[in-house]
Amino acid sequence: MKFEFSNPTRLIFGAGSLSRLGEVVSRMGTRALVVTGGGSVKRNGTFGRAVASLAAAGVSVVECSGIEPNPRITSVARGAQIARDEKCDIVIALGGGSTMDASKVIAAAVYYDGDPWDMIYHGQEKLHVPTRALPVVTVPTLAATGSEMNCGAVISNAETSVKSFIQNECLSPYAAVVDPELTLSVPQDQTAYGVCDLITHVTEGYFNGVDGTPIQDRFAEGVIQTAMEWGPKAVSDGGDLEARAQVQWASVVALNGWVQVGTNFAAPVHMIEHTLSAHHDITHGAGLAVVNPAWMRFAARVRPERFAQFARRMFGRPAGQDDLSCALEGIDLFEQFLRSIGCPTRLAEMNIGDDLLARYAQDTLHIAGDGNGRLPGRPLMSEADIVEVLRSALK
Ligand code: NZQ
Ligand code: ZN
């Protein structure tokens, strides 16, 4: 293993921490662009409480509402314009991963005169790499993406049906105010999709990283086990604050970089899912629940010992069994878990048929391919491999 690691985001975690928002923001700014989604934060009172905390700390507020799930580049451009016009000096993301991702790119787009889509890598010849951004404070209202404490963002272009990402240190939030109380109102289906998303962040590194990372393996297994223990509780009783807190902490840990340190991992399941949500505007975590087990069955044939380890450690499968049978049983059990919390596991459940399978594969390779027509991961995937995985998940 050889690596360098840094995560500069200050994390303020715990029930009630929203009341500290003003104090945290006022260390870095006096006029905040508060970015919100489709209105959930208004309906459940989070917005009002956030604004009160900011006002008490002397921070004035300008609003950018209406960030859509699978946030669009047009909303990013709109938000950046508001921030410039209103001379905002800090951006606050109050919402789920979509709102947080849009906020990060808005913060960088404020300093860029061109089209912010230039910053999102989508196979273009000339990528604009931002070097600075307004400070961002994330306040997640949904436990899923881990966006609150990482430097990535995923943005969609509805005109071209492309969804892709930017990862840049200047997008690291200055602080994340993570208050599990804000997730009490998340509906059952979104709660389940969030659990699937956070688990998939960890399985990507676990199955696609380099060999010889035993500590990282145990971190990943700990996150998965915690999510499988507390996730169902949060799904069955949305008012269970302890379950909400454990799931939210798991979602932060799953993608703030620490679990994956030194694994040099790729994320083929995410790359394939992003193409599906680009074409069909489905919820990311739901798409992952379909793609991940199908991909695991494909990859287990190449590397059964790794998937057998997963089956033995996560599901207590016996040691004597041959690796491939054990691996496949573990994947079945994992899929059953996803179904038990209400996730779809077949494309048909999301009304996706087989007419565009080749297109999904080509788009995925266009954005995330290695330059030789292969999708990075273990194993590398060709266009035909991606089609095969998706075909196996049709019905
Ligand atoms: O828009 P509002 O009205 O707020 O409603 C949202 C939305 O409809 C609702 N919601 C959020 N908090 C709520 C709530 N409803 C009631 N009570 C609350 N407290 O939930 C719906 C989904 O919200 P969204 O933000 O889209 O969900 P999520 O957090 O799953 O974010 C998904 C986006 O993040 C990207 C995904 O690709 C997708 O675009 N990702 C970002 C990553 C990152 N930056 O690190 C990594 C991930 O792998 C992922 O790709
Ligand atoms: Zn994800």
Side-chain angles (χ1 to χ4, degrees), residues 7 9 18 35-47 49-50 65-73 75-76 93-105 120 136 138-158 163-168 171-173 176 178-205 234 238-239 244 247-248 251-252 254-257 260 267-278 281-289 291-292 368:
N7 185 324
T9 303
L18 180 65
V35 183
T36 62
S40 70
V41 293
K42 301 275 174 67
R43 290 189 292 276
N44 60 29
T46 297
F47 183 80
R49 286 163 54 212
S65 61
I67 301 296
E68 45 292 280
N70 299 319
R72 296 182 180 184
I73 196 65
S75 297
V76 168
L94 198 58
S98 297
T99 296
M100 292 190 281
D101 286 4
S103 300
K104 292 174 182 174
V105 186
I120 311 298
V136 174
T138 50
V139 187
T141 62
L142 196 165
T145 61
S147 179
E148 56 273 13
M149 200 179 172
N150 68 40
C151 66
V154 185
I155 303 293
S156 294
N157 186 322
K163 175 175 181 176
S164 189
F165 60 95
I166 172 173
Q167 234 172 344
N168 185 299
L171 300 191
S172 293
V178 182
D179 182 343
E181 280 179 3
L182 309 187
T183 67
L184 292 171
S185 58
V186 176
Q188 205 168 37
D189 58 350
Q190 291 290 343
T191 304
Y193 305 156
V195 170
C196 175
D197 189 19
L198 84 87
I199 291 176
T200 312
H201 294 153
V202 165
T203 59
E204 297 271 34
R244 292 291 195 182
V247 170
Q248 194 159 31
S251 72
V252 174
L255 205 58
N256 70 356
Q260 296 87 357
V269 173
H270 269 71
M271 295 303 117
I272 297 169
E273 194 293 321
H274 285 168
T275 304
L276 291 180
S277 42
D281 210 10
I282 56 173
T283 301
H284 170 64
L288 293 173
V291 179
N292 203 17

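When a ligand or atom number is given, it counts from 1 through the structure's own listing order. Excluded from the calculations below are hydrogen atoms, water molecules and symmetry mates; all remaining heavy atoms, backbone and side chain alike, are included.
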key: Sub-4.0 Å atoms of ligand 1 with respect to non-hydrogen atoms of S147   = 43 (C), 44 (N), 45 (O)
message = What is the name of the N/O/S atom of H270 that is nearest to the Zn ion (ligand 2)?
response = NE2
inquiry  = Only heavy atoms of H270, strictly under 4.0 Å: list the atoms of ligand 1 that pass.
reply    = 48 (O)
ask   = With atoms numbered from 1 as shown, which atoms in ligand 1 lie under 4.0 angstrom from a non-hydrogen atom of N70?
value = 38 (C), 39 (O)
query = Side chains of E181 and L18: does their closest heavy-atom pair fall under 4.5 Å?
reply = no
inquiry  = Below 4.0 Å, non-hydrogen atoms only: which portion of E68 touches ligand 1? Side chain, backbone, both or neither.
reply    = neither
inquiry  = Contact between F165 and I120 at the side-chain level, heavy atoms closer than 4.5 Å - yes or no?
reply    = no
request  = Look at atom 45 (O) of ligand 1 and say which protein heavy atom is nearest, naming residue and atom and giving the distance to 0.1 Å.
outcome  = N150 ND2, 3.0 Å
ask   = How far is atom 22 (C) of ligand 1 from its nearest protein heavy atom, and which residue and atom is that?
value = Q190 OE1, 3.7 Å
remark   = closest protein heavy atom to atom 44 (N) of ligand 1 is D101 OD1, 2.8 Å
Of the listed options T36, L184, L142, closest to atom 11 (C) of ligand 1 (non-hydrogen atoms) = L142
task = Please could you name the atoms of ligand 1 that G96 approaches to less than 4.0 Å, counting only its heavy atoms?
result = 25 (O), 29 (O)
ask   = Of the protein's non-hydrogen atoms, which lies at the shortest distance from atom 14 (C) of ligand 1, and what is that distance?
value = S40 OG, 3.6 Å
query = Does some non-hydrogen atom of P140 fall short of 4.0 Å from ligand 1?
reply = no
Side chain to side chain contact (heavy atoms under 4.5 Å, CB included) between C151 and N168, intermediate numbers included = CA-CA 6 Å; C151 66; N168 185 299; 5.8 Å; no
request  = Would you kindly specify which portion of D197 sits under 4.0 Å from ligand 1, judged on non-hydrogen atoms: side chain, backbone, both or neither?
outcome  = side chain
request  = Consider ligand 1: state whether an atom of it lies below 4.0 angstrom from any non-hydrogen atom of G39.
outcome  = yes
remark   = atom 34 (O) of ligand 1 has as its nearest protein heavy atom T145 CG2, 3.3 Å
ask   = For the side chain of N150 and the backbone of N256, is there at least one donor-acceptor N/O pair under 3.5 Å apart?
value = no
task = Examine ligand 1 and decide if any of its atoms is less than 4.0 Å from a heavy atom belonging to P71.
result = yes
ask   = Below 4.0 Å from any atom of ligand 1, is there a heavy atom belonging to V154?
value = yes
task = Provide, to 0.1 Å, the distance between atom 12 (N) of ligand 1 and the closest protein heavy atom, together with that atom's residue and name.
result = T141 OG1, 2.8 Å
Exercise check, heavy-atom protein proximity under 4.0 Å to atom 6 (C) of ligand 1 = no
note = Logged contact type for L255 with ligand 1, heavy-atom cut-off 4.0 Å, is side chain
query = Tell me, which protein residue and heavy-atom name are nearest atom 26 (O) of ligand 1, and how many Å apart are they?
reply = S98 OG, 2.6 Å
key: Where ligand 1 meets P187 - atom numbers and elements under 4.0 angstrom, heavy-atom basis   = 15 (N), 16 (C)
key: Donor-acceptor contact present, side-chain N44 to main-chain S40, <3.5 Å   = yes
note = So the atoms of ligand 1 within less than 4.0 Å of a heavy atom of V186 turn out to be 13 (C), 16 (C), 17 (N), 18 (C), 19 (N)
task = Could you please spell out the steps behind the side chain to side chain contact (heavy atoms under 4.5 Å, CB included) verdict for I282 and L276?
result = CA-CA 7 Å; I282 56 173; L276 291 180; 4.1 Å; yes
query = Distance-only, no hydrogens or angles: does the R244 side chain make a donor-acceptor pair with backbone N or O of T183 under 3.5 Å?
reply = yes
query = Has ligand 1 got any nitrogen or oxygen that is less than 3.5 angstrom from a nitrogen or oxygen of K163?
reply = yes
task = Give a yes or no on whether the backbone of V154 and the side-chain of D101 come within a donor-acceptor separation of less than 3.5 Å.
result = yes
key: Protein heavy-atom partner closest to atom 28 (P) of ligand 1 - residue, atom, separation in Å   = G97 N, 3.6 Å
task = Grab the two heavy atoms, one from P180 and one from Q248, that are nearest each other, plus how far apart they are.
result = CA-OE1, 3.0 Å
query = Measuring to the Zn ion (ligand 2), does D197 have an N/O/S atom at a distance below 2.8 Å?
reply = yes
ask   = Near G37, which atoms of ligand 1 are under 4.0 Å from a heavy atom of that residue?
value = 1 (O)
ask   = Do any heavy atoms of G152 fall under 4.0 Å from ligand 1?
value = yes
query = Does H201 come within less than 4.0 Å of ligand 1, judged by its heavy atoms?
reply = yes
query = Do side-chain atoms of N7 reach the backbone of M149 as a donor and acceptor pair under 3.5 angstrom?
reply = yes
inquiry  = Between T9 (side chain only) and P173 (backbone N and O only), is there a donor and an acceptor less than 3.5 Å apart?
reply    = yes
message = Quick one: does any side-chain atom of Q260 pair with a main-chain N or O of A254 as donor and acceptor, under 3.5 Å?
response = yes
message = Under a 4.0 angstrom heavy-atom cut-off, which atoms of ligand 1 come close to H274?
response = 37 (O), 50 (O)
request  = Find, among atoms of H284 that are N, O or S, the one nearest to the Zn ion (ligand 2), and state its name.
outcome  = NE2
